[in-house]
Colleague: 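Just passing along the structure, written as structure tokens.
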Amino acid sequence: MEKQIIVFTLGEKHYAVNSDQVEEISKMMDSTMVPNAPKHIRGLINLRGNVVALVNLSELLRLKEKECYNNIVIMNKEDEKIGILVTEVKEVLKIQDEDIEKVSGDGKNGVVGIIQLGGNLVNYIDLERIIS
């Protein structure tokens, strides 16, 4: 079965998500810090009148390096918009289910598969699993 994915980077690493989980992609914008928010919440943005929480995906994936974020991937989770900070959105493409090599384990860290794209290994992640 064919699915559409969005490929993005966090630092030097490539990640992909199913486009069904994504509502839109936005350029980085100024955010308002939230006092006493969890460490992975970078702040709030106003996106066309909607308040959107910015989530630092690097923090949730336990990546060590400091990141420079250029894009926000907006997802809808239970009627609430959430912005995922990414270094750069690379491409949107269609792949077959069999192109995704399933990873062993319970997938609690959100990585549910690996995709070979050109010379890059891309971590296929389930945003909803990571955010919940």
Side-chain angles (χ1 to χ4, degrees):
M1 183 173 182
E2 189 175 75
K3 63 175 65 179
Q4 187 170 336
I5 62 169
I6 297 171
V7 179
F8 60 90
T9 57
L10 281 174
E12 300 296 314
K13 295 184 178 173
H14 287 74
Y15 294 88
V17 294
N18 191 325
S19 66
D20 291 348
Q21 295 181 316
V22 176
E23 190 168 296
E24 68 180 280
I25 297 165
S26 173
K27 292 278 185 205
M28 191 61 190
M29 59 183 75
D30 291 335
S31 63
T32 303
M33 299 303 287
V34 180
N36 302 318
K39 193 173 178 182
H40 66 276
I41 301 292
R42 282 284 293 268
L44 300 173
I45 59 171
N46 182 340
L47 186 69
R48 292 183 297 285
N50 293 306
V51 176
V52 177
L54 286 182
V55 175
N56 185 339
L57 187 58
S58 294
E59 192 71 42
L60 291 176
L61 293 171
R62 297 184 186 101
L63 301 176
K64 299 289 185 241
E65 62 264 9
K66 294 285 181 209
E67 303 298 337
C68 172
Y69 301 107
N70 298 314
N71 293 114
I72 304 170
V73 175
I74 307 293
M75 65 178 285
N76 222 342
K77 183 172 180 356
E78 298 163 11
D79 292 330
E80 181 182 351
K81 291 183 189 299
I82 297 172
I84 309 297
L85 295 169
V86 302
T87 304
E88 183 181 7
V89 174
K90 292 291 197 184
E91 60 187 321
V92 177
L93 52 102
K94 292 185 175 170
I95 63 167
Q96 299 297 321
D97 278 340
E98 52 268 17
D99 294 334
I100 302 170
E101 186 178 322
K102 304 290 185 238
V103 294
S104 57
D106 56 13
K108 280 187 184 172
N109 65 355
V111 177
V112 292
I114 302 289
I115 305 166
Q116 178 79 38
L117 286 179
N120 295 315
L121 284 178
V122 178
N123 293 296
Y124 183 66
I125 59 175
D126 182 345
L127 281 178
E128 291 193 16
R129 192 178 294 186
I130 293 171
I131 300 299
S132 60

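All values derive from a computational prediction rather than experimental measurement.
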Colleague: Taking it one step at a time, do K90 and T9 satisfy side-chain contact (heavy atoms from CB on, under 4.5 Å)?
Modeller: CA-CA 7 Å; K90 292 291 197 184; T9 57; 3.6 Å; yes

Colleague: Side chains of N18 and Q4, heavy atoms from C-beta outward: is any pair under 4.5 Å?
Modeller: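 Result no, sub-4.5 Å side-chain heavy-atom pair not found.
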
Colleague: Got Y15 and L10 here, is their nearest side-chain heavy-atom distance under 4.5 Å?
Modeller: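 When only atoms from C-beta onward are counted, L10 and Y15 do touch, with a gap below 4.5 Å.
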
Colleague: Looking at E24 and K81, is there a salt bridge between them, counting it only when a charged N and a carboxylate O are closer than 4.0 Å?
Modeller: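 Answer for the salt bridge query: no.
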
Colleague: Any luck finding a side-chain donor-acceptor pair between D126 and Q21 under 3.5 Å?
Modeller: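 A donor-acceptor contact under 3.5 Å links the two side chains.
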
Colleague: In sequence, state the C-alpha distance, the side-chain angles, and the governing distance for L121 and Q116, and then conclude on side-chain contact (heavy atoms from CB on, under 4.5 Å).
Modeller: CA-CA 5 Å; L121 284 178; Q116 178 79 38; 3.1 Å; yes

Colleague: Ignoring hydrogens, what is the shortest heavy-atom contact between S31 and I45? Give both atom names and the distance.
Modeller: CB-CG2, 3.8 Å

Colleague: Are M75 and V92 co-members of a hydrophobic cluster defined by side-chain heavy atoms under 4.5 Å apart?
Modeller: yes

Colleague: Below 4.5 Å, heavy atoms only, C-beta onward: do L85 and L57 meet side chain to side chain?
Modeller: no

Colleague: What are the two closest heavy atoms between I130 and G110, and how far apart are they?
Modeller: CG1-CA, 3.4 Å

Colleague: Determine, using the 4.5 Å side-chain heavy-atom cutoff (strictly less than), whether M29 and V86 are members of one ILVMFWY cluster.
Modeller: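 M29 clusters together with V86.
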
Colleague: Determine whether V55 and I41 satisfy the following criterion, side-chain contact (heavy atoms from CB on, under 4.5 Å), listing intermediate values before the conclusion.
Modeller: CA-CA 5 Å; V55 175; I41 301 292; 4.0 Å; yes

Colleague: To the nearest 0.5 Å, what is the distance between CZ on R42 and CE on M33?
Modeller: 7.0 Å

Colleague: With the side chain counted from C-beta on, respond yes when K3 and D97 share a heavy-atom pair under 4.5 Å apart, and no when they do not.
Modeller: yes

Colleague: Which pair of non-hydrogen atoms, one from I82 and one from V52, has the smallest distance, and what is that distance?
Modeller: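 Smallest heavy-atom distance, with atoms named: C-CG1, 3.7 Å.
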
Colleague: Could you check whether E88 and N70, counting side-chain N and O atoms only, form a donor-acceptor pair closer than 3.5 Å?
Modeller: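 No.
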
Colleague: Report whether I100 and L93 are members of the same hydrophobic cluster (ILVMFWY, side-chain heavy atoms less than 4.5 Å apart, transitive linking).
Modeller: yes

Colleague: Verify the neighbour count for atom CD of E78: are there more than 12 heavy atoms of other residues, nucleotides or ligands below 6.0 Å?
Modeller: no

Colleague: Taking the side chain as every heavy atom from C-beta outward, state whether V34 and L44 have any pair of such atoms under 4.5 Å apart.
Modeller: yes

Colleague: With I84 as reference, evaluate I131, N56, I25 under the side-chain contact (heavy atoms from CB on, under 4.5 Å) test and give the passing residue.
Modeller: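 The residue from I131, N56, I25 that satisfies side-chain contact (heavy atoms from CB on, under 4.5 Å) with I84 turns out to be I131.
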
Colleague: Have a look at Y124 and tell me which of I5, V7, I114, V111 forms a side-chain contact (heavy atoms from CB on, under 4.5 Å) with it.
Modeller: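 Per the side-chain contact (heavy atoms from CB on, under 4.5 Å) rule, the option paired with Y124 is I5, out of I5, V7, I114, V111.
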
Colleague: Take a 6.0 Å sphere around CG of N50 and say whether it holds more than 12 heavy atoms from other residues, nucleotides or ligands.
Modeller: yes

Colleague: Around E80, counting heavy atoms of other residues, nucleotides and ligands shown, do more than 12 lie under 6.0 Å from its CD?
Modeller: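 No - once you tally the heavy atoms of other residues, nucleotides and ligands closer than 6.0 Å, there are 12 at most.
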
Colleague: Show your reasoning for whether side-chain contact (heavy atoms from CB on, under 4.5 Å) applies to Y69 and M28.
Modeller: CA-CA 7 Å; Y69 301 107; M28 191 61 190; 4.3 Å; yes

Colleague: For a quick test of reading the model, state the closest non-hydrogen atom pair linking K77 to E128 and the distance between them.
Modeller: CE-O, 4.2 Å

Colleague: Can you check whether H14 reaches L117 side chain to side chain, under 4.5 Å on heavy atoms?
Modeller: no

Colleague: Can you confirm whether T87 sits close enough to E12 that some side-chain heavy atom of one is under 4.5 Å from a side-chain heavy atom of the other?
Modeller: no

Colleague: So how far is it from R62 CZ to E59 CD, rounded to the nearest 0.5 Å?
Modeller: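 That separation rounds to 9.5 Å.
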
